[in-house]
Amino acid sequence: MLKIFLLLRKGLKKSFDNIRNEQLKNNLLQAIPFWIGSVITGFFAVMYAKIFAWGENLLHFIMNWHAWMIFIIAPIGFVLSWWLVKEFAPNAKGSGIPQVMAAVELANPKEHTKIRSLLSLKIIVFKIISSVVLVIGGGAVGREGPTIQIAGSVFRKVNEYLPHWWPKISKKNMIMTGAAAGLAAAFNTPLGGIVFAVEELSKTHINYFKTALFTAVIIAGLTAQTLAGSYLYLGYPKTNDVSLMVMFPIILVAGTAGILASQLSVTMLKMNDWKKRKLKTDKANILFLVICALFIASVAYFINREILGSGKEIMERVLFTKDKHEEWYVPILRMLGPALSFTSGGAGGIFAPALTAGASIGSVISGAIHLTPNETNVVILAGMVAFLTGITRAPFTSAIIVLEMTDRHSLIFHLMLAGMVSSIASILVSRHSLYDVIKVNFLTEIRGKE
């Protein structure tokens with residue numbers, strides 16, 4: 001095996017040395033780390049998706065076997081998820097997107113050594129374990145945000161392991177490209193990954209790293225498709241024969257979802273602040289987590305199980321079955337679940353829960369105003385874009401992600417309208433996004449340790 005590797009290496013080196021154009025050689029050397037990072041990211045994204053799905057399936061199996069077991073597994077899941085992060089990787093908590101945003105800001109000559117605490121192999125391991133434990137315990141979290149932090153960690157490590165003679169690559173560009181590749185692989189949405197890098201992460205002119213960004217997103221997506229098969233995150237909802245009048249319910253749903261998403265963000269930030277001020281000991285934190293877990297367990301057992309998990313099955317049901325209209329209280333549950341889960345201190349994202357909350361709002365409102373099934377689908381998709389926009393303040397990213405995960409390109413204007421209305425409405429509640437505020441908190445904490 002070693003002999004084959006050495007022969008292959010010798011052959012590649014000979015071919016490389018035959019290239020006479022020095023600029024081409026340099027460009028190729030700079031591209032290779034991005035390609036390697038993309039392949040590894042695609043592999044991790046698929047493996048993580050499978051493990052996360054196994055965790056959700058295990059939760060459903062336990063609930064179907066003996067529903068009362070939720071009162072045991074929820075407290076254990078919440079406490080264990082928090083403890084794993086606290087003991088082994090404190091910056092693995094939560095979504096992971098604010099950590100990547102903070103790492104991008106720290107990628108300068110004076111502070112680049114601090115990135116290690118936000119993006120590392122340890123972060124990858126405990127991000128995966130903690131989030132899976134939390135979802136088995138009924139936590140309303142997703143895997144997409146964590147995949148972005150995992151991808152950022154992969155790209156940072158690839159950059160770190162380059163030999164000293166290798167052409168220097170911007171740490172900032174490497175991390176941003178990794179995040180875009182992570183999102184593309186998590187949702188199978190290459191355009192969404194590119195737009196996310198530009199809209200949410202990039203303060204640099206895109207021309208500086210556009211080739212690396214595009215190729216990394218393509219390679220990560222192709223790797224994920226090779227391992228998981230070609231798929232859409234949600235499928236093909238029916239949206240044909242919808243009149244232009246559907247724009248009015250879209251505006252209503254988008255405004256409502258934007259305000260509620262922004263209010264949810266403010267609530268979660270206040271909960272985090274309250275925890276920092278009041279819960280000074282491990283004992284107090286554990287008591288808080290047990291109370292939160294038992295509350296979620298009680299709602300799941302006595303009222304509705306839809307408070308549990310990422311909520312993907314809710315999106316699939318309201319978009320692809322005749323059972324399109326949720327009960328009026330389901331959007332409340334789909335905000336309560338993520339609020340308690342996201343602030344638990346364990347790892348877990350809010351992308352998928354935000355999409356689910358938006359879908360449930362669209363489902364309730366479309367039922368109240370008696371829309372047709374196809375119109376309902378359009379309004380549900382608009383609600384998904386709007387709620388995600390209210391959380392991220394990235395309307396174009398939100399619209400492109402929902403567009404790609406459903407392959408409904410004819411709805412591009414409907415979804416962009418929903419994103420823009422939500423973006424305006426969410427500012428009425430708070431000027432700053434959830435991710436921006438958490439990013440600043442990470443930066444303050446890291447810089448304060450000097």
Side-chain angles (χ1 to χ4, degrees), residues 59 70 74-75 77-79 81-82 85 93-98 130-131 134-135 137-146 256-279 285-300 303-312 314 326-361 364 383-384 386-393 422 426 429-430 432-438 441:
L59 170 65
I70 191 66
F78 271 66
V79 172
S81 176
W82 163 80
V85 166
K93 65 184 175 185
S95 162
I97 294 175
S130 176
S131 61
L134 186 56
V135 84
V141 292
R143 61 173 171 82
E144 293 74 24
T256 305
I259 289 169
L260 290 175
S262 193
Q263 188 58 60
L264 176 62
S265 300
V266 170
T267 302
M268 291 192 290
L269 292 170
K270 284 180 178 177
M271 285 175 69
N272 277 336
D273 289 342
W274 177 84
K275 280 181 66 184
K276 280 182 184 175
R277 286 185 286 106
K278 300 292 184 182
L279 307 182
N285 270 291
I286 290 169
L287 180 62
F288 171 77
L289 290 169
V290 169
I291 292 169
C292 289
L294 289 176
F295 174 80
I296 287 177
S298 299
V299 172
I303 302 173
N304 196 318
R305 289 187 190 182
E306 292 185 345
I307 194 173
L308 304 173
S310 67
K312 187 180 177 183
I314 297 174
E326 293 281 21
E327 297 293 337
W328 64 268
Y329 57 81
V330 170
I332 299 169
L333 300 186
R334 288 311 309 176
M335 288 184 281
L336 269 175
L340 297 176
S341 305
F342 194 73
T343 57
S344 68
I350 201 163
F351 252 70
L355 291 170
T356 304
S360 64
I361 291 167
V364 170
M384 291 162 62
F387 204 94
L388 188 57
T389 298
I391 295 287
T392 64
R393 305 300 168 84
S422 171
S426 57
V429 178
S430 173
H432 303 288
S433 78
L434 175 70
Y435 292 155
D436 278 328
V437 176
I438 297 175
N441 291 343

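Hydrogens, waters and symmetry mates play no part in the numbers below; they use all other heavy atoms, side chains included.
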Roughly how far apart are Ile350 CD1 and Phe387 CZ, rounded to 0.5 Å?
7.5 Å
Compare every heavy atom of Ser341 with every heavy atom of Leu134, then report the nearest pair and how far apart it is.
CD2-O, 4.0 Å
What pair of heavy atoms forms the shortest contact from Ser130 to Val85, and how long is it?
OG-CG2, 3.3 Å
Can you tell me how far CG of Leu264 sits from CD1 of Ile332, rounded to the nearest 0.5 angstrom?
12.5 Å
A side-chain contact here means heavy atoms from C-beta on lying under 4.5 Å apart; do Thr267 and Met335 qualify?
no
For residues Ser344 and Leu289, report the shortest heavy-atom separation together with the two atoms involved.
O-CD2, 3.3 Å
CG on Leu59 to CG on Leu308, rounded to 0.5 Å
5.5 Å
Any luck finding a side-chain donor-acceptor pair between Thr392 and Ser433 under 3.5 Å?
no
Parallel, tilted or perpendicular: rings of Phe288 and Trp274 (30°, 60°):
tilted
For Gly346 against Ser81, the heavy-atom pair lying closest together:
CA-OG, 3.3 Å
With side chains defined as the heavy atoms from C-beta onward, is the minimum distance between Thr356 and Ser310 less than 4.5 Å?
no
Hey, are the side chains of Glu327 and Glu306 touching, using non-hydrogen atoms and a 4.5 Å cut-off?
no
Over all heavy atoms of both residues, which pair between Ile391 and Ala354 is shortest? Give the atoms and the distance, please.
CG1-CB, 4.1 Å
Any heavy-atom pair between the side chains of Leu260 and Pro331 that's under 4.5 Å?
no
For the CG atom of Leu333 and the CG atom of Asn304, what is their distance to the nearest 0.5 Å?
6.0 Å
Determine whether Met271 and Leu340 make a side-chain contact, defined as any pair of heavy atoms from C-beta on separated by less than 4.5 Å.
yes
Find the distance between CZ (Phe78) and CD1 (Ile291) and round it off to the nearest 0.5 Å.
12.5 Å
Test your reading of the model: is there a side-chain donor-acceptor pair from Thr343 to the backbone of Ala339, 3.5 Å cut-off?
yes
Looking only at heavy atoms, the pair that brings Gly390 and Ser265 closest together is O-OG, 4.2 Å
Could you go step by step and tell me if Ser426 and Arg393 meet the side chain to side chain donor-acceptor pair (under 3.5 Å) rule?
CA-CA 8 Å; Ser426 57; Arg393 305 300 168 84; 3.2 Å; yes
Can any side-chain N or O of Ser360 pair as donor or acceptor with the backbone N or O of Ala357 at less than 3.5 Å?
yes
Please report the interatomic distance CD1(Ile438) to CD1(Ile97), rounded to the nearest 0.5 Å.
10.0 Å
Can you list the steps and then say if Arg305 with Ile70 is a side chain to side chain contact (heavy atoms under 4.5 Å, CB included)?
CA-CA 10 Å; Arg305 289 187 190 182; Ile70 191 66; over 6 Å; no
